[in-house]
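All residue numbers in this chain count up from 1 along the given sequence.
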Amino acid sequence: GSEAVSEQGPEEEAEDRLKEHMDSLLDKSAKTRQAALQNLRLALSSKTLSEFLLERRLTLTDSLEKCLKKGKREEQALAGIVLTLLCLQMGSGPEGEEVFRSLKPLLVSVLTDSTASPSARQSCATALGMCCYIAAADLE
């Protein structure tokens, strides 16, 4: 009897870690946000998480928007990469289109900002191109 602690499977543990990383995107520390973006990048590029992300896409989109707006250099570059992976995970349906539509103006803004770092601009250009290819309903 003293094993009253619930045993979580690897799936639940992975989801809990992802939730923690998503929460860390709102931290005041840039280093914490960058580490969270790095961990999300690894998670999204190694496993299909569309069901998990479907429920949390708006939260993640809002967090990525803040990272792109207020972040500097590395944070913006990582946010662009995570956004690209999020778009890939959401696919060409209405959810992917919604994510792309909400962040497209910001991606264009960073891309055309001559004061943004080259890595941030390159990352946003890649995100814009990939998300447009995958999720844009409007052919133009």
Side-chain angles (χ1 to χ4, degrees):
S2 65
E3 293 183 23
V5 177
S6 67
E7 298 263 335
Q8 285 188 320
E11 192 74 22
E12 289 85 13
E13 286 179 27
E15 287 184 3
D16 286 346
R17 280 195 305 275
L18 283 171
K19 288 175 193 172
E20 286 175 23
H21 299 320
M22 289 171 65
D23 290 343
S24 295
L25 290 178
L26 301 174
D27 199 273
K28 289 186 179 190
S29 164
K31 288 225 181 279
T32 303
R33 292 191 309 268
Q34 285 178 17
L37 286 166
Q38 197 70 268
N39 288 320
L40 285 168
R41 182 184 65 81
L42 291 171
L44 295 177
S45 62
S46 63
K47 189 174 183 185
T48 301
L49 301 161
S50 35
E51 287 299 315
F52 174 84
L53 293 170
L54 198 56
E55 303 167 7
R56 294 163 183 86
R57 72 183 180 282
L58 297 177
T59 305
L60 186 53
T61 302
D62 287 346
S63 298
L64 290 173
E65 182 178 346
K66 288 179 179 118
C67 290
L68 284 168
K69 276 184 182 175
K70 298 178 181 175
K72 302 286 182 239
R73 301 178 177 271
E74 185 68 20
E75 186 177 346
Q76 286 180 317
L78 285 167
I81 293 167
V82 172
L83 175 60
T84 302
L85 294 169
L86 176 62
C87 242
L88 282 167
Q89 292 267 351
M90 290 291 95
S92 61
E95 294 85 7
E97 186 183 337
E98 177 184 13
V99 168
F100 173 62
R101 198 175 337 105
S102 67
L103 289 175
K104 179 185 171 193
L106 189 54
L107 289 172
V108 171
S109 171
V110 174
L111 178 60
T112 57
D113 179 2
S114 61
T115 62
S117 74
S119 63
R121 293 175 72 189
Q122 181 269 328
S123 178
C124 287
T126 301
L128 188 63
M130 286 296 290
C131 293
C132 186
Y133 179 73
I134 294 165
D138 183 10
L139 293 178
E140 284 185 40

Distance, nearest 0.5 Å, that separates [atom1] of [X] from [atom2] of [Y]:
X    : Y    : atom1 : atom2 : result
L37  : M22  : CG    : CE    : 11.5 Å
R17  : E12  : CZ    : CD    : 11.5 Å
T84  : L44  : OG1   : CG    : 10.5 Å
F100 : L128 : CZ    : CG    : 5.5 Å
C87  : Y133 : SG    : OH    : 13.5 Å
F52  : K19  : CZ    : NZ    : 6.0 Å

Side-chain donor-acceptor distances from residues 58-67 under 3.5 Å, at least two apart:
from	atom 1	to	atom 2	distance (Å)
T61	OG1	R57	O	2.5
S63	OG	T59	O	3.1
E65	OE2	K69	NZ	3.1

Would you say [X]'s side chain and [Y]'s backbone share a donor-acceptor pair under 3.5 angstrom?
X    : Y    : result
R41  : V82  : no
E95  : L53  : no
Q76  : A116 : no
S109 : P105 : no

Out of curiosity, does [Y] fall in the hydrophobic cluster containing [X] (side-chain heavy atoms, cut-off under 4.5 Å, transitive links)?
X   : Y    : value
L54 : L88  : yes
L78 : V110 : no
L85 : L42  : no

List the residues meeting side chain to side chain donor-acceptor pair (under 3.5 Å) with [X], not counting sequence neighbours, and say none if there are none.
X    : value
E20  : none
E75  : R33
S117 : S119
S24  : none

Residues forming a side chain to side chain contact (heavy atoms under 4.5 Å, CB included) with [X], sequence neighbours excluded:
X    : result
D23  : none
K72  : none
Q122 : T126
S46  : none

List the atom of S123, the atom of I81, and the distance in Å for their closest heavy-atom pair.
->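 Nearest heavy atoms, S123 then I81: OG-N, 3.2 Å.
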Given side-chain contact (heavy atoms from CB on, under 4.5 Å), test M90 with I134 step by step and report yes or no.
-> CA-CA 9 Å; M90 290 291 95; I134 294 165; over 6 Å; no
When you look at CE of M130, are more than 12 heavy atoms from neighbouring residues, nucleotides or ligands closer to it than 6.0 Å?
->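 Counting neighbours around CE of M130, 12 or fewer heavy atoms of other residues, nucleotides or ligands fall under 6.0 Å, so no.
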With sequence neighbours excluded, tell me which residues meet salt bridge (charged side-chain N to carboxylate O under 4.0 Å, His left out) with R101.
->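 If we apply the salt bridge (charged side-chain N to carboxylate O under 4.0 Å, His left out) test to R101, skipping adjacent residues, the hits are E97.
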Not counting sequence neighbours, which residues clear salt bridge (charged side-chain N to carboxylate O under 4.0 Å, His left out) with K70? List them please.
->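 K70: no salt bridge (charged side-chain N to carboxylate O under 4.0 Å, His left out) contacts found.
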With the side chain counted from C-beta on, respond yes when V99 and L83 share a heavy-atom pair under 4.5 Å apart, and no when they do not.
->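 Touching, per the 4.5 Å side-chain cut-off.
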Check the pair D113, R121 against side-chain contact (heavy atoms from CB on, under 4.5 Å), reporting the backbone distance first and the verdict last.
-> CA-CA 8 Å; D113 179 2; R121 293 175 72 189; 5.8 Å; no
Taking it one step at a time, do Q38 and Q34 satisfy side-chain contact (heavy atoms from CB on, under 4.5 Å)?
-> CA-CA 6 Å; Q38 197 70 268; Q34 285 178 17; over 6 Å; no
